[in-house]
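The next block holds one structure in the form of structure tokens; read it before the comments.
These numbers come from the heavy atoms of this one structure, side chains and all, not from hydrogens, waters or symmetry mates. Order of listing sets the numbers, starting from 1, for every ligand and every atom in it. Note that the structure is predicted; figures quoted are calculated from it, not measured.
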Amino acid sequence: MKQIALYGKGGIGKSTTSANLSAALSHRDLSVLQIGCDPKRDSTRMLMQGRFIPTVMDLVRVRGDANVSLKDVVFTGYNGIRCVEAGGPEPGVGCAGRGIIATFQLLEKFGALDGDVIVYDVLGDVVCGGFAMPMREGYAQEIYLVTSGELMSLYAANNICKAVQRLASRVKSKCRLGGVICNAKGQPREEELVSEFARRVNSTMVQYIPRDHVVQQAEVNRQTVIEFAPDSPQAGHYRSLAGRIVENTNLSIPTPLETDDLESLAREFL
Ligand code: ADP
Ligand code: SF4
Ligand code: MG
């Protein structure tokens with residue numbers, strides 16, 4: 001079983017990329033489980049015909065974990081993909097990270113952390129112990145950074161590299177960087193910049209995904225691009241990403257950049 005996590009800045013396109021990746025993987029006859037680990041709870045929406053499924057945290061809060069069953073939290077979406085949303089903490093008091101780990105423990109208890117591929121879709125603005133849970137506890141073993149060429153998004157990706165580097169140094173840790181996914185904003189020389197960033201952090205750019213309006217068209221139709229426009233070039237990019245992830249053996253321990261170096265890198269490609 002392959003357990004991969006997509007990390008990146010909020011709004012960068014993690015959920016769009018995750019859902020399309022899962023859809024593309026499912027068409028390779030792989031059994032896929034996608035787990036949304038972002039309090040935004042919309043990771044799996046496009047796989048569920050636009051539906052926000054109940055979150056594990058909400059159910060556990062209301063009923064207590066002893067009264068939550070497998071069918072309450074795992075929903076079957078597009079092409080048989082199993083979908084779970086961890087959900088968020090109670091505003092002002094809870095810890096999202098605890099919710100994420102409680103979700104994994106519950107799924108483990110049900111024997112539901114299985115299949116060919118698990119895709120964890122994780123918020124990466126805050127790389128605290130909480131949001132590092134999927135990689136810290138040995139669940140996510142291949143980390144993919146989703147970034148554009150914008151400095152703030154590279155900054156978040158670089159921070160995630162710091163977390164992966166730290167966790168990878170632990171004895172028995174299997175956590176490695178799988179690569180960088182460039183989800184472009186359309187700025188000049190963006191592909192070159194993200195590719196160079198990936199090289200400098202001791203990794204590679206596994207896929208360039210252009211900005212394309214078909215993503216919005218699919219979204220308003222409550223579908224992934226793979227479902228809505230399977231013959232579009234954009235669907236081809238997501239299929240290519242799926243192929244590269246399935247075949248990827250280039251897992252590395254990242255070498256994060258100093259902030260000054262990151263900024264001068266971004267300046268080089270202005
Ligand atoms: P995140 O999960 O990182 O917070 P989302 O996947 O929700 O981000 O994406 C934020 C918005 O960006 C979405 O409304 C989506 O339509 C748009 N988007 C993401 N990737 C692309 C792309 N390659 N082309 C066009 N729009 C995109
Ligand atoms: Fe939030 Fe992270 Fe702190 Fe938990 S550990 S409360 S998720 S910042
Ligand atoms: Mg998201």
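Between the side chains of D261 and S264, no donor N or O sits under 3.5 Å from an acceptor N or O. In the model, S148 has no side-chain atom that pairs as donor or acceptor with a side-chain atom of Q187 under 3.5 Å. Of the N and O atoms on the side chains of S26 and N79, at least one donor lies less than 3.5 Å from an acceptor on the other residue. Donor-acceptor pairing under 3.5 Å is lacking for the side chains of R222 and Q49. Side chains of E108 and Y139: a donor on one and an acceptor on the other come within 3.5 Å.
Of the possible polar contacts, one joining the S18 side chain to the K14 backbone as a donor-acceptor pair under 3.5 Å is found. Looking at N183, its side chain does come within 3.5 Å of a backbone N or O of I12 through a donor-acceptor pair.
For ligand 1, the atoms sitting less than 4.0 Å from at least one non-hydrogen atom of N183 are 19 (C), 20 (N), 21 (C), 22 (C), 23 (N), numbered in the order shown with element in parentheses. Those atoms of ligand 1 that come under 4.0 Å of a heavy atom in Q234, given as number and element, are 23 (N). Per-residue contacts place D212 under 4.0 angstrom from the following atoms of ligand 1 (heavy atoms of the residue considered): 24 (N), 25 (C). Within the listing of ligand 1, atoms 1 (P), 4 (O), 7 (O) sit less than 4.0 angstrom from a heavy atom of K40.
When heavy-atom distances to ligand 1 are checked against a 4.0 Å cut-off, T16 comes that close through both its backbone and its side chain. Contact annotation: for D38 versus ligand 1, there are no heavy atoms closer than 4.0 Å. Only the side chain of E219 comes within contact range of ligand 1, with a heavy atom under 4.0 Å; no backbone atom does. Proximity of K9 to ligand 1, defined as any heavy-atom pair under 4.0 Å, is confined to the backbone N, CA, C and O atoms. Heavy atoms of P210 found under 4.0 angstrom from ligand 1 belong exclusively to the backbone.
Between Y78 and H27, the ring center distance clears the sub-6.0 Å criterion. For F104 and Y120, the ring centers are positioned less than 6.0 Å apart.
Inclusion of I12 in the set of residues having an N or O under 3.5 Å from an N or O of ligand 1 is warranted. Residue K14 places at least one N or O, backbone or side chain, under 3.5 Å from an N or O of ligand 1. The shortest N or O to N or O distance between D121 and ligand 1 is not below 3.5 Å. Considering both main-chain and side-chain atoms, G13 comes within under 3.5 Å of ligand 1 through a nitrogen or oxygen pair.
Assignment of G11 to the shell around ligand 1 is supported, since a heavy atom sits closer than 4.0 Å. In this structure, G97 counts as a contact residue of ligand 2, since one of its heavy atoms falls inside 4.0 Å of the ligand.
Of the protein's heavy atoms, V215 CG1, 3.6 Å lies nearest to atom 27 (C) of ligand 1. Looking from atom 17 (C) of ligand 1 to the surrounding protein, the closest heavy atom is Q216 NE2, 3.6 Å. Scanning the protein for heavy atoms near atom 8 (S) of ligand 2, the closest one is C128 SG, 3.7 Å.
A pairwise comparison of heavy atoms in T16 and V215 identifies CG2-CG1, 3.6 Å as the closest pair. Among all heavy-atom pairs drawn from Y7 and A132, the shortest one is OH-CA, 3.9 Å.
Contact annotation: C95 places an N, O or S atom under 2.8 Å from atom 4 (Fe) of ligand 2. One of the N, O or S atoms belonging to S15 lies under 2.8 Å away from the Mg ion (ligand 3).
Protein heavy atoms are absent from the 4.0 Å sphere centred on atom 3 (Fe) of ligand 2. Within the 4.0 Å cut-off (strictly below), no protein heavy atom is located near atom 11 (C) of ligand 1.
Counting heavy atoms from C-beta on, the side chains of R200 and L265 come closer than 4.5 Å.
A distance of 5.0 Å separates SG of C161 from CG of L145, quoted to the nearest 0.5 Å.
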